[in-house]
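Report on the structure given below.
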Amino acid sequence: MGETSPVDPAVLIVGLGMIGGSLAAALKSSGYTGRILACDPDVEEIDTGLEMGVIDDGGSDLAALVVQSGLVIVAVPVLAMRRVFEQLVPVLGDRVLTDVGSTKRCVCEAAREAFGHLPVNFVPGHPVAGSEKSGVAAANPALYRHHKVILTPESDTTPTAVAMVRALWQRCGAEVLEMPVDRHDQVLARTSHLPHLLAFSLVDTLARQDERLEIFRYAAGGFRDFTRIAGSDPVMWHDIFTANRDALLSALDDFETGLARLRAAVEQGDSDAMLGTFDRASHARHYFETLLNQTSYQTMEARQVQYRVSPGGSVNGRIRVPGDKSISHRSIMLGALANGVTEVKGFLEGEDSLATLQAFRDMGVAIEGPHQGRVTIHGVGLHGLKKPAGPIYVGNSGTAMRLFAGLLAGQAFDTELTGDASLTKRPMARVADPLRLMGARIDTAEGGRPPLRIHGGQSLKGIHYDMPMASAQVKSCLLLAGLYAEGETRVREPAPTRDHTERMLNGFGYKVDRDGDLATLQGGGALTSAPIDVPSDISSATFFLVAAAITPGSDLVLEHVGVNPTRIGVINILKAMGADLRLENPREVGGEPVADLHIRYAPLKGIDIPVDQVPLAIDEFPALFVAAANAEGTTRLRGAEELRVKESDRIQAMADGLDILGVETAVYDDGIDVVGNVSEGPNYQGGQVDSLGDHRIAMAFTIAALRAGGPVWIDDCANVATSFPGFVALANKVGLELAEVSA
């Protein structure tokens, strides 16, 4: 809600129908102290408003009512607004003027024609809310609560006028946004006006048929839900369609093109095309629902989630953590670029992986699922992707953005890659620069950061590239670009990094040669579909490995965990610290080694972490710092400057949080010293720490609470869903006391 002004101005609502009446009722309900007046040619509407108590006075004499007000809201049909504006010309003065019309270009033109210019005290507005009912008797004080109101002020509109109108709608519980006039009309043509037009047309078409009684008698709920809006006020919608004709016709053209494409698929029995359309639509509808509920990756930034973790307890049981995120990303990418159908099991249904999946749907790939970790991808081949309708959003995933940059550099169409606030701070020059050497055209934001704008239609050539830093993402990016390049692409890494891309490419029949630190492939080949069984993510398993390692009485088995040699740095480091950790039932699944990890509590000791293990455990260090805080002696890490440019500066973020808990640290440019403390009771105190929106920081301090002297509060934890859906439930299952609080 907006703040109550010391003196609320008198408000005049011109047109006391359902929209205007609901505004009056909402203001009354909010405790608005200014007088609420109404002007309407229908005296009965004024009398009804007075009887309901939603207005204080009213009548049909507009001029007499205007002089009593400080803010005038025009709530008549859009085609009737010019006449109202003409009546306001001699009496409006410097009073603030706004409207509720759902088309803004038409309203602004009417104001210009009436006043001779667009008044600087006029703030065009549109509450995106409504009802099939009409008249002030249908007024609903909650109509605008949690709904959007769009304002479209011009550059010279008086700021105080905008502030007054904004405050008015906020008093009604609305979320107030601003956008340009033409953009508003285009958006509303597609999201509101077109659906109403289609509903009117469908019901009219069926009502004209001889069998209409039979059709309506047996129509199911879907027909009722879709056609509900055809019961709206016909006159109002006639005016809207007339006023927003050009934008509506453009939206209708797009719809007719899509409908013709679907008709052709049905006619020709094109199962993939039909499935692709239905699947994209189904998941788009689901995505729309999550936007409304603020649960999707595109709205996580708006959610404030805090963890409260009680101290004590032990960690016991047998669990399976979600699938490996790195492999999940790659399974979708390579499955989409392969010829044939790829079946995936164990897919991680987290925000980042789902963003990758949705991106390929947006580029024309038919994908079934995910359902309980199963995904079916109908591949389109290396050159079968289609230009997406808008930017590709990858959420919080640096892996997705960097790998996408490589494969999109070889496409025939332009694309833009964007992500959430955290991702836009991360460096992308490390992939953009070598891709440019291959012939790609890529634009970045200032400092080489997202968004990335990739120009299609470029001829790529293979390069021999010595990476200046150890990064599996950079290596994978260049290998994916190499699929589209002429000649040979060779990438040399200064230290071993995860090799999931090389393994999976070979699994899809695309040969990648490995010779020590060198990966090589030849451009111009093809991928053939192959089944994928995604192992459990060792990065997700790490939090529970450390939880059991630091907590007396713990005995935990983590099942089916990927133990790729390029990912087991955390296992090697924990063993070097004295952890009682064993690999049981080792096996290979789809070219990836897996095992069950069995860990029991044992006292840990501080170590100097071997430099050669750093790239093998780069994502696991936040949890390992917690292990170090519970070890005897000092643990020293060097050669880990890569941690400075993850979702947060993970070295500084962990040092700051550990300091709050009373753990001594010393920070260096490329590492940290953590001075451990071991006692029979708590090893440090509780406190409130900030995860900075970094999922791994949040989960690391969650397990730190096991050995704290008091509760640990962790701020900004919404992004945990990006890598570990179900983390809270699983943590509580094994013995932690973790509560999620929406702040």
Side-chain angles (χ1 to χ4, degrees), residues 306-315 542-554 556 570 573-574 576-580 599-609 620-637 643 648-668 671-692 694-717 720 727 731-732 734-739 741:
Q306 185 183 59
Y307 285 173
R308 182 190 186 280
V309 198
S310 300
S314 59
V315 179
T542 293
F543 299 101
F544 292 100
L545 290 175
V546 172
I550 67 173
T551 309
S554 295
L556 181 69
V570 62
I573 292 168
L574 282 175
M577 296 178 74
D580 181 2
I599 186 164
R600 298 186 180 95
Y601 168 75
L604 302 179
K605 62 180 185 296
I607 63 169
D608 290 349
I609 296 174
E620 289 73 60
F621 278 113
L624 286 170
F625 294 162
V626 173
N630 291 277
E632 184 178 354
T634 300
T635 298
R636 298 177 179 85
L637 172 67
L643 288 174
S648 65
D649 179 343
R650 286 179 173 164
I651 291 175
Q652 193 62 55
M654 287 300 300
D656 291 344
L658 290 171
D659 180 64
I660 290 170
L661 301 186
V663 177
E664 182 182 345
T665 64
V667 172
Y668 300 88
I672 188 173
D673 291 351
V674 180
V675 181
N677 182 53
V678 178
S679 68
E680 293 185 2
N683 288 341
Y684 35 76
Q685 64 196 23
Q688 184 167 349
V689 300
D690 189 349
S691 77
L692 303 178
D694 189 324
H695 45 203
R696 300 199 191 281
I697 302 294
M699 290 185 282
F701 282 111
T702 297
I703 61 173
L706 286 161
R707 298 305 303 272
V712 175
W713 294 83
I714 308 157
D715 295 332
D716 203 1
C717 299
V720 169
F727 171 73
N732 285 317
V734 299
L736 281 80
E737 294 186 34
L738 166 59
V741 181

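When reading the values below, keep in mind they use all heavy atoms of this one structure, side chains included, and skip hydrogens, waters and symmetry mates. Throughout, residue positions are numbered sequentially from 1 according to the sequence presented.
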[X] and [Y]: which non-hydrogen atoms are nearest, and at how many Å?
X: H695; Y: V720; value: CB-CA, 3.6 Å
X: T665; Y: A655; value: OG1-CB, 3.8 Å
X: S554; Y: V315; value: OG-N, 3.0 Å
X: S648; Y: A653; value: OG-CB, 4.0 Å
X: I550; Y: R707; value: O-NH1, 2.6 Å
X: G313; Y: T551; value: O-CG2, 2.9 Å

Tell me, with the steps shown, if L574 and L624 meet side-chain contact (heavy atoms from CB on, under 4.5 Å). CA-CA 8 Å; L574 282 175; L624 286 170; 3.9 Å; yes
Atom pair [atom1]/[atom2] of [X] and [Y] - distance to nearest 0.5 Å:
X: Q652; Y: D656; atom1: CD; atom2: CG; value: 4.5 Å
X: N732; Y: E737; atom1: CG; atom2: CD; value: 8.0 Å
X: D608; Y: T635; atom1: CG; atom2: OG1; value: 8.5 Å
X: I697; Y: T702; atom1: CD1; atom2: OG1; value: 11.0 Å

Checking side-chain contact (heavy atoms from CB on, under 4.5 Å) for the pair L637/L643: CA distance, chi angles, key distance, verdict? CA-CA 11 Å; L637 172 67; L643 288 174; 4.0 Å; yes
Quick one: are [X] and [Y] in side-chain contact, heavy atoms under 4.5 Å?
X: V712; Y: Y307; result: no
X: M699; Y: I714; result: no
X: R650; Y: F621; result: no

Yes or no on side-chain contact (heavy atoms from CB on, under 4.5 Å) for I573 and M577, after CA distance, side-chain angles and deciding distance? CA-CA 6 Å; I573 292 168; M577 296 178 74; 4.1 Å; yes
Give a yes or no on whether the backbone of S691 and the side-chain of D716 come within a donor-acceptor separation of less than 3.5 Å. no
Pair L556-F544, side-chain contact (heavy atoms from CB on, under 4.5 Å): steps then yes or no: CA-CA 8 Å; L556 181 69; F544 292 100; 3.7 Å; yes
Within 6.0 angstrom of E664 CD, more than 12 heavy atoms from elsewhere: no
Which atom pairs, donor and acceptor, lie under 3.5 Å between side-chain atoms of residues 683-690 and protein residues at least two apart or in another chain?
residue	atom	partner	partner atom	Å
N683	OD1	S679	N	2.9
N683	OD1	S679	OG	3.2
N683	ND2	N630	OD1	2.8
N683	ND2	N677	O	3.3
Y684	OH	N630	ND2	3.1
Y684	OH	A704	O	2.7
Q685	NE2	I660	O	2.8
Q688	NE2	D715	OD1	3.2
Q688	NE2	D715	OD2	2.9
D690	OD1	L692	N	2.8

